[in-house]
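First the structure, in the form of structure tokens, and then the observations on it.
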Amino acid sequence: MTTATIPLRRGLPLLGNIPAMRRDRLGFLVDLSRSAGDICAFRIASRTLYLANSAELAQVVLVDEAAGFEKTDRMRFNLGLLVGNGLLTSLNDFHRRQRRLVAPAFQHRRIGAYADVMADYAERTQAEWRDGQAIDVAQEMMRLTLWVVGKTLFDADVRGEAGELGQALSTALRFANDRFTAVAAPPLSWPTPRNRQARLALARLDATIYRLIAEWRATGEDRGDLLSMLLQAQDEDDGSFMTDAQVRDEAMTLFLAGHETTANALAWSWYLLAQHPEAYARMRAEVREALAGRPPTLADLERLPYTLRVLKEAMRLYPPAPMISRQAARPIDLGGYRLPSGALVLISPYTMHRLPNYFPDPQRFDPDRWTPEFERALPRHAYMPFGGGPRICIGNQFALMEGQIILAALAQRVRFELSPGPQIAPEAVITLRPKGGVRMIVNDER
């Protein structure tokens, strides 16, 4: 065990690296990862954070020593304002219990039944667009995935509420995100303008979810949606069921993960395809040959390998969750250094996916890199758009299926081209959004 000090980027007195993080959080992390090696430290005010910047160290944190690392107190508190004590924030035995209860909802046979819903809603969404119309693709993908998650999670048609719910979710996410880098954040109960906005957004989201829970409780009918599974899930150890509050927290977690992250992955996919017309044409040719004008089905997915590669490559360059944080529950060894109990460790898929030792020419959009041979040779956790270890995203297969189906369904009907305007940049708002949206022109290709 070395006694050497972990390389530290100190930043400014008192503030540390807060100004750099606020100015360009992702750029700061990429610069840090390129200049400091596999592990380094930086300061946010009085706190020291450690960036673990290799697949091997990610394996230690997320898998080998997973029991020695917990979700950070700051993340649990700030994100907990939105999702409560759901899978994203809960700890230890309670997290393991909740994951057991939620897991059956994501069995292959269950999520496979949602493929037709995804394709149908994609077809209906594009039918509303006119040839030559200018749209914000990021906003449209948010609307579409919100519609899909409303049906698959709640068996509810939320089309009429989609704009309002999407805005409420965005407000709550931005509020939680801003608190991560705030030197001091007032309690939510204080009557500040930001707090009032956040409370209204949370109340709007809660009203919808609790209304749908109450409707299910009134009938007890399994309607084939994920909410029915959550409400019927019974703990094998003590025979208990989830309370309404627990169901709310898990539903809100799935609502966020099943809507926000997939929408962003799709928006980045269209953005990258529009910049690479050869890849776009190749994907559209594959879709047309496989589908011949009909909506995609679950059985079609194996005939759309290039479409899946496009999605995987988009999530490499723009991973839905750009940062993963953990807190050492005890003194622990990492990368030849001894971390104290309470040490804050950051793993960034955004920076990891840009390491040239894992991904040659990492800034290049290259769906063809995702051959079976490449994936087998890739170190575990070098690519982690859904996290890793026992806390890996429980809906990862749902998200991959949804992304592939929506790309295929839309690609054979329309072609997007970027509207003139400023360069689109990523914005880390817990998830990774295109800042300001993605303005595109719809070309009808039917």
Side-chain angles (χ1 to χ4, degrees), residues 17-34 42 44 49 51 53 75 79 135-142 145 166 169-181 256-257 259-276 279 310-325 346-356 358-359 361-367 369 382-387 393 399 403 407 416 418-440:
N17 298 109
I18 286 178
M21 287 283 281
R22 283 189 170 169
R23 187 167 53 250
D24 183 2
R25 184 178 305 183
L26 297 171
F28 171 78
L29 291 174
V30 168
D31 177 65
L32 196 63
S33 75
R34 288 173 177 169
F42 62 98
I44 298 294
L49 282 74
L51 178 65
N53 194 45
M75 191 281 293
L79 193 54
I135 64 171
D136 180 350
V137 166
Q139 182 178 334
E140 290 296 299
M141 293 302 101
M142 286 284 184
T145 58
L169 189 60
S170 293
T171 299
L173 273 172
R174 191 169 297 279
F175 175 78
N177 180 74
D178 288 347
R179 294 175 71 93
F180 277 100
T181 54
L256 166 63
H259 154 56
E260 173 85 13
T261 56
T262 307
N264 289 333
L266 286 164
W268 288 119
S269 296
W270 296 122
Y271 168 72
L272 289 164
L273 286 166
Q275 291 185 308
H276 298 84
V310 165
L311 181 64
K312 286 181 175 180
E313 180 70 345
M315 290 193 296
R316 182 187 70 81
L317 287 167
Y318 301 103
M323 290 171 282
I324 300 168
S325 58
L346 188 69
I347 299 168
S348 173
Y350 186 86
T351 65
M352 196 91 70
H353 294 177
R354 283 167 167 73
L355 294 176
Y358 302 139
F359 302 97
D361 196 4
Q363 294 297 117
R364 183 164 60 96
F365 174 67
D366 180 15
R369 75 172 79 237
Y383 179 69
M384 44 193 296
F386 300 107
C393 174
L407 284 176
F416 299 119
L418 280 169
S419 299
Q423 184 175 356
I424 295 167
E427 180 183 27
V429 187
I430 300 179
T431 56
L432 192 61
R433 290 182 168 187
K435 188 174 184 178
V438 182
R439 300 294 300 179
M440 288 186 155

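Here Y383 contributes atom OH and F359 contributes atom CZ; the two are 7.5 Å apart, rounded to the nearest 0.5 Å. Interatomic distance, OG of S269 versus CG of L407, reported as 5.0 Å (0.5 Å rounding). Summarising the geometry, atom CD1 belonging to I347 is positioned 12.5 Å from atom CG belonging to L29; distances are rounded to the nearest 0.5 Å. Here T145 contributes atom OG1 and N264 contributes atom CG; the two are 8.5 Å apart, rounded to the nearest 0.5 Å. Considering CD1 of I424 and CZ of R439, their distance stands at 10.5 Å, rounded to 0.5 Å. Rounding to the nearest 0.5 Å gives a distance of 10.0 Å between CD of E260 and CG of L432.
Shortest non-hydrogen contact noted between L311 and A265 is CD1-CB, 4.3 Å. The two atoms that bring M141 and W270 nearest to each other are SD-NE1, 3.6 Å, heavy atoms only. Of all non-hydrogen atoms in T262 and G403, the two that sit nearest each other are CG2-N, 4.4 Å. Closest approach of P322 to S348, counting heavy atoms only: O-OG, 3.0 Å. Residues P426 and Y350 come closest through the heavy atom pair CG-OH, 3.9 Å. Heavy atoms only, all atoms of each residue included: A279 and F365 are closest at CB-CE2, 4.0 Å.
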I would like to know whether I324 and L346 meet side-chain contact (heavy atoms from CB on, under 4.5 Å); could you show each step before the answer?
CA-CA 6 Å; I324 300 168; L346 188 69; over 6 Å; no
Show your reasoning for whether side-chain hydrogen bond (donor to acceptor under 3.5 Å, both in side chains) applies to T351 and N53.
CA-CA 8 Å; T351 65; N53 194 45; 3.3 Å; yes
Kindly indicate, with the supporting measurements, whether the criterion salt bridge (Lys or Arg N to Asp or Glu O under 4.0 Å) is fulfilled by E427 and R25.
CA-CA 8 Å; E427 180 183 27; R25 184 178 305 183; over 6 Å; no
Output, in order, the C-alpha distance, side-chain angles, deciding distance and verdict of side-chain contact (heavy atoms from CB on, under 4.5 Å) for L355 and Y358.
CA-CA 6 Å; L355 294 176; Y358 302 139; 3.6 Å; yes
Could you pull out all donor-acceptor pairs under 3.5 Å where a side-chain atom in residues 314-321 meets a protein atom, sequence neighbours excluded?
unit_1: R316; atom_1: NE; unit_2: E313; atom_2: OE1; d: 2.9
unit_1: R316; atom_1: NE; unit_2: E313; atom_2: OE2; d: 3.4
unit_1: R316; atom_1: NH1; unit_2: H353; atom_2: O; d: 2.8
unit_1: R316; atom_1: NH1; unit_2: P362; atom_2: O; d: 2.8
unit_1: R316; atom_1: NH2; unit_2: E313; atom_2: OE2; d: 2.9
unit_1: R316; atom_1: NH2; unit_2: P362; atom_2: O; d: 2.8
unit_1: R316; atom_1: NH2; unit_2: R364; atom_2: O; d: 3.0

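Side-chain contact between V137 and L266 is absent, with no heavy atoms from C-beta onward closer than 4.5 Å.
D24 is linked by a salt bridge (Lys or Arg N to Asp or Glu O under 4.0 Å) to nothing, counting only residues two or more places apart in sequence or in another chain.
Centroid-to-centroid, the aromatic rings of Y271 and F416 stay 6.0 Å apart or farther.
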